[in-house]
Novice: 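Below are the structure tokens for one structure; questions will follow.
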Amino acid sequence: MSVEADAGRLRTEADEPGWEVDPDDDWGLAVIATVGRQLRLRREAVGMRAGDFGRAVGYGEDLVYKIEGGKRIPRPEYLDKADEVLAAGGLLAAMKEDVAKVRYPKKVRDLAKLEAKAVELQLYDPLSIHGLLQTPDYARGLLRMRRPAYTEDVVERAVAARVARRAVFERDPAPEISFVLEEWTLRRPLGGMAVLRGQLEHLLKAAQLRSVELQVMPMDREEHAGLAGGIEVLKFEDGSSVGRSPAVANGRPVSEPRQLRILELRYGIIRAQALTPRESTAFIEQLLGET
């Protein structure tokens, strides 16, 4: 099979930081190993050497071997180009969906699985607008504040993971979801005023969902039960629950009734101290008018 070499510089591992496979992610390792094996088998079936294939797709031979060996996560455009060069008829490109899931951090995928099963979610984040409510632009602005700074590739990976988690709102029947947001998080223009305005508009749309209750904790409250940190409580159809908070079990997920009771007690008090859902919607509308 003849190949026209790419005149540009071939990509190397240094050009793609953040595309390694998490060594503790068994599922991700298995997926990437399978994808790599299929890429190698297809390349060998058409009689193309790794170096020739690399030049055709714009990658160095060493990086091609690492992808085929399950050591690197292939980019979506790599799979598209491989499908074209190897005349795979869409079979290689079709693997992009599973590969995209591997790119999400394992802890995010695990959390998304729990959210997908929960029938009720109680969520309070004292530091930022909760991830399930973040627009892509707001999430991007928030992640770019991290120090040491994330690479743009890592930022986009995290943004994609947060957007994917929003599928919880599309379930039928939808779970009951309660959010408590801090007023200051609604005022800080991370990413710029236009980004903040888009975020506030998104919150107002989310607040209209029948399964969502959104409350704001004003900054002028003299009492606040949430100063010990964020709270997440997920309840499931079988009556079981799991919760998490920095103030309980060092932030590890807990399911023991005594620890869950503490989390639910604190969350209940926080909700009582915050504005009602109707008052919160009016408050966000006022902030939007000022932005």
Side-chain angles (χ1 to χ4, degrees), residues 1-6 8-117 131 136 150-168 170-171 253:
M1 183 175 182
S2 63
V3 178
E4 183 178 351
D6 191 330
R9 185 177 66 86
L10 302 181
R11 297 182 70 86
T12 66
E13 196 167 359
D15 296 315
E16 297 193 346
W19 288 78
E20 303 86 359
V21 187
D22 183 349
D24 297 323
D25 185 356
D26 293 338
W27 179 82
L29 288 169
V31 169
I32 297 307
T34 299
V35 171
R37 184 164 54 251
Q38 292 301 315
L39 286 165
R40 177 178 58 81
L41 291 173
R42 186 70 190 184
R43 175 179 59 77
E44 292 176 346
V46 300
M48 181 179 285
R49 293 179 300 178
D52 293 335
F53 172 73
R55 284 187 290 275
V57 298
Y59 277 66
E61 183 175 356
D62 181 62
L63 193 51
V64 169
Y65 278 127
K66 287 188 175 181
I67 291 174
E68 292 182 351
K71 304 298 183 183
R72 300 279 296 180
I73 303 172
R75 287 177 172 270
E77 55 267 30
Y78 181 95
L79 293 173
D80 284 335
K81 188 65 176 177
D83 195 276
E84 176 186 340
V85 170
L86 301 176
L91 294 178
L92 297 178
M95 296 189 289
K96 288 188 294 184
E97 184 176 349
D98 284 338
V99 170
K101 293 177 182 178
V102 177
R103 291 233 63 211
Y104 305 156
K106 182 177 183 296
K107 63 180 182 180
V108 175
R109 290 205 315 270
D110 291 342
L111 179 57
K113 289 178 182 178
L114 289 175
E115 290 170 346
K117 297 177 182 177
Y150 289 161
T151 65
E152 280 302 297
D153 189 73
V154 171
V155 168
E156 291 306 317
R157 180 179 178 182
V159 170
R162 295 190 184 187
V163 171
R165 285 174 57 202
R166 282 160 47 177
V168 68
E170 301 170 3
R171 283 170 45 195

Novice: Rounded to the nearest 0.5 Å, how far apart are CD of Glu68 and CG of Leu41?
Specialist: 9.0 Å

Novice: Could you tell me which non-hydrogen atom of Glu115 sits nearest to which non-hydrogen atom of Arg165, and how far apart they are?
Specialist: OE2-NH2, 2.6 Å

Novice: When you check the gap from the basic side-chain N to the acidic O, do Asp62 and Arg72 get nearer than 4.0 Å?
Specialist: no

Novice: So, for Asp52 and Met48, which heavy atoms are closest and what is the spacing to 0.1 Å?
Specialist: CB-CG, 4.0 Å

Novice: Drop me the distance from Lys117's NZ to Arg171's CZ, to the nearest 0.5 angstrom.
Specialist: 11.0 Å

Novice: To the nearest 0.5 Å, tell me how far Phe53 CZ sits from Lys81 NZ.
Specialist: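 With rounding to 0.5 Å, CZ (Phe53) is 10.0 Å from NZ (Lys81).
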
Novice: Please report the shortest heavy-atom distance between Arg75 and Asp153, naming the atom on each side.
Specialist: NH2-OD1, 3.6 Å

Novice: Please name the pair of heavy atoms, one in Asp98 and one in Trp27, separated by the smallest distance, quoted to 0.1 Å.
Specialist: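 In this case the closest contact between Asp98 and Trp27 is O-CH2, 4.1 Å.
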
Novice: With side chains defined as the heavy atoms from C-beta onward, is the minimum distance between Pro136 and Arg166 less than 4.5 Å?
Specialist: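 Yes, close enough: below the 4.5 Å cut-off.
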
Novice: Measure the CG-CD distance between Leu91 and Gln38 for me, rounded to the nearest 0.5 Å.
Specialist: 9.0 Å

Novice: On a heavy-atom basis, which atom in Gly54 and which in Val64 lie closest, and how many Å separate them?
Specialist: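 It is CA-CG2, 3.7 Å.
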
Novice: Only one of Leu92, Ile73, Leu79 passes side-chain contact (heavy atoms from CB on, under 4.5 Å) with Val35; say which it is.
Specialist: Leu79

Novice: List the atom of Ile32, the atom of Pro74, and the distance in Å for their closest heavy-atom pair.
Specialist: CD1-CD, 4.2 Å

Novice: Asp83 and Met95: side-chain contact (heavy atoms from CB on, under 4.5 Å), yes or no, with the steps?
Specialist: CA-CA 10 Å; Asp83 195 276; Met95 296 189 289; over 6 Å; no

Novice: Looking at Arg40 and Tyr65, would you say the former's side chain and the latter's main chain have a donor-acceptor pair under 3.5 Å?
Specialist: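 Checked: no pair found.
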
